[in-house]
Amino acid sequence: MELRHLRYFVAVAETLNFTRAAQKMYTVQPSLSQQIKDLEHEVGVQLLLRSNRKVELTEAGEAFLKEALLSLEHAEKAVQAARQVESQQKEQLHIGFVPVAEMKIFPYIMPNIRAHFPELKIDFHSLTDAEQLQALKRGEIDIAFTRYVDDCDELEHVLIFREPLTLIMPKDSPFAAQRHVSIKSFNQQDFIISDEKSSPQLYKVIQAFLQQEKIKVNVVQHSTNILLNVNLVGMGVGWSLVPAYVIPLLGDKIVVKNTIEPLPMIGLYASYRAGKKHKAIELILKILKEQFHVDFFAS
């Protein structure tokens, strides 16, 4: 038994006329009659009394009509519920991010998204790079702002910018008065280094740089977030290499030191699922291209 059988039966029961019922259901009378016969055969009882003069419901047909109407009502409610869920999902945007995106990206994209999609509900997810990329693959977030990418067929990505690492140290450090610091002076200095699990790309870039320069530092603390790096430096615990976006967050007990030799760079990427994109993501990519001169073929 299918819903169309119930709809055909209800049309006949309400009009008590096969011709008018067929017109109402946009079908032909022989087809409608056959559908009713098939329904009666499946139910196992006669639902309608037919004669040349009129069509009547049997007692069984009266009882069946009440339940058929309820079934169709429930089916319609089910359809509406499913469509509502789908509509709500379409009107939600889940954004994953690392802290740099809060300062460097969101001030540009959020006013534009609000202006173009005032009804769009936006959920922000502060996650590590690895957590974001996994959530993106599972469909739990729609766009990710990470320090590295996952080169797989499921995802597309763009390089937004690269920023240099910056040396910060306590204001009372003996090196604080120097105009420029050589990276050779890093040797044996106490350092706060970002944790490998929390900030794998930053950790990787710093370790590669130290190895390349043959520098051995004394790691006194592995930091799980960039603000901890800043706070520990401010407390005089040691030096740290942090992305340049952190500079506005520094207090008066911390100094930024230029180095004679260049420090390494670290990138920020936007990743999203391949294929059809939410219009809000298309807008985000457009803004990134305009504001940061993003090369959409970069990786």
Side-chain angles (χ1 to χ4, degrees), residues 92-117 120 122-166 168 194 196 198-206 208-209 225-227 229-230 241-250 256 262-299:
Q92 285 186 325
L93 185 70
H94 295 270
I95 300 177
F97 67 95
V98 288
V100 60
E102 290 182 84
M103 297 182 63
K104 293 292 188 179
I105 304 301
F106 293 171
Y108 295 106
I109 66 174
M110 292 313 301
N112 284 278
I113 292 177
R114 293 299 187 198
H116 287 80
F117 305 97
L120 182 65
I122 301 176
D123 291 321
F124 296 96
H125 305 262
S126 179
L127 303 168
T128 66
D129 293 324
E131 288 171 340
Q132 285 190 70
L133 294 171
Q134 287 301 315
L136 192 59
K137 290 180 181 178
R138 292 193 297 263
E140 296 170 356
I141 61 175
D142 301 297
I143 187 167
F145 292 96
T146 61
R147 288 298 193 178
Y148 67 90
V149 299
D150 186 336
D151 286 317
C152 65
D153 294 337
E154 299 173 66
L155 305 179
E156 296 178 359
H157 57 265
V158 295
L159 172 64
I160 304 172
F161 60 70
R162 295 186 189 277
E163 61 178 328
L165 296 189
T166 300
I168 59 174
S194 293
E196 183 176 12
S198 301
S199 305
Q201 188 63 15
L202 181 56
Y203 178 87
K204 178 181 177 181
V205 168
I206 291 174
F209 169 71
N225 65 77
I226 207 69
L227 287 179
N229 291 60
V230 172
L241 289 171
V242 296
Y245 84 90
V246 175
I247 292 176
L249 304 177
L250 304 180
V256 176
L263 292 175
M265 309 282 285
I266 188 168
L268 179 68
Y269 299 82
S271 295
Y272 45 92
R273 288 186 295 280
K276 188 176 182 181
K277 298 182 287 294
H278 192 291
K279 289 184 178 180
I281 293 180
E282 294 178 354
L283 176 62
I284 290 173
L285 297 176
K286 179 177 180 290
I287 296 168
L288 294 178
K289 184 175 183 179
E290 293 173 351
Q291 186 64 40
F292 299 98
H293 308 290
V294 167
D295 179 359
F296 280 77
F297 296 95
S299 61

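The structure presented is a predicted model; accordingly, all values stated were derived computationally and were not measured.
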Nearest-0.5 Å distance, [atom1] of residue [X] to [atom2] of residue [Y]:
{"X": "Ser199", "Y": "Asn229", "atom1": "OG", "atom2": "CG", "value": "7.5 Å"}
{"X": "Arg114", "Y": "Ile109", "atom1": "CZ", "atom2": "CD1", "value": "10.5 Å"}
{"X": "Leu263", "Y": "Thr166", "atom1": "CG", "atom2": "OG1", "value": "7.0 Å"}
{"X": "Arg138", "Y": "Leu133", "atom1": "CZ", "atom2": "CG", "value": "10.5 Å"}
{"X": "Tyr108", "Y": "Gln291", "atom1": "OH", "atom2": "CD", "value": "4.5 Å"}

His125 meets the side-chain contact (heavy atoms from CB on, under 4.5 Å) criterion, sequence neighbours left out, with His94, Asp123, Leu127, Ile141
Where do [X] and [Y] come nearest, in terms of heavy atoms and distance?
{"X": "Glu163", "Y": "Pro243", "answer": "OE2-CB, 3.5 Å"}
{"X": "Phe145", "Y": "Leu268", "answer": "C-CD1, 4.2 Å"}
{"X": "Thr146", "Y": "Ser271", "answer": "OG1-OG, 4.4 Å"}
{"X": "Leu159", "Y": "Gly267", "answer": "CD1-CA, 4.3 Å"}
{"X": "Tyr203", "Y": "Ser194", "answer": "CD1-O, 3.3 Å"}
{"X": "Val205", "Y": "Met265", "answer": "CG1-O, 3.8 Å"}

Hey, does [Y] have a side-chain heavy atom less than 4.5 Å from the side chain of [X]?
{"X": "Asp151", "Y": "His157", "answer": "yes"}
{"X": "Asp150", "Y": "Tyr269", "answer": "no"}
{"X": "Phe117", "Y": "Leu93", "answer": "no"}
{"X": "Lys286", "Y": "Asn112", "answer": "no"}
{"X": "Leu165", "Y": "Val242", "answer": "no"}

- What's the verdict on salt bridge (charged side-chain N to carboxylate O under 4.0 Å, His left out) for Lys277 and Asp142, showing C-alpha distance, side-chain angles and the deciding distance? CA-CA 9 Å; Lys277 298 182 287 294; Asp142 301 297; over 6 Å; no
query = When you look at Ile105 and Phe292, which way does the side-chain contact (heavy atoms from CB on, under 4.5 Å) test go after all the steps?
reply = CA-CA 10 Å; Ile105 304 301; Phe292 299 98; 3.7 Å; yes
Kindly determine whether Leu283 and Ile281 satisfy side-chain contact (heavy atoms from CB on, under 4.5 Å), including the steps that lead there. CA-CA 5 Å; Leu283 176 62; Ile281 293 180; over 6 Å; no
Donor-acceptor pair, distance only, cut-off 3.5 Å: does the side chain of [X] make one with the backbone of [Y]?
{"X": "Arg147", "Y": "Leu202", "answer": "no"}
{"X": "Gln134", "Y": "Glu131", "answer": "no"}
{"X": "Gln132", "Y": "Phe97", "answer": "yes"}

TODO: Before giving the answer on side-chain contact (heavy atoms from CB on, under 4.5 Å), spell out for Val98 and Thr128 the whole-Å C-alpha distance, their side-chain angles and the decisive distance to 0.1 Å.
DONE: CA-CA 7 Å; Val98 288; Thr128 66; over 6 Å; no
Margin query: Could you go through Glu282 and Tyr272, starting from their C-alpha distance and side-chain angles, then the distance that decides it, and tell me whether this counts as side-chain contact (heavy atoms from CB on, under 4.5 Å)?
Written below: CA-CA 10 Å; Glu282 294 178 354; Tyr272 45 92; over 6 Å; no
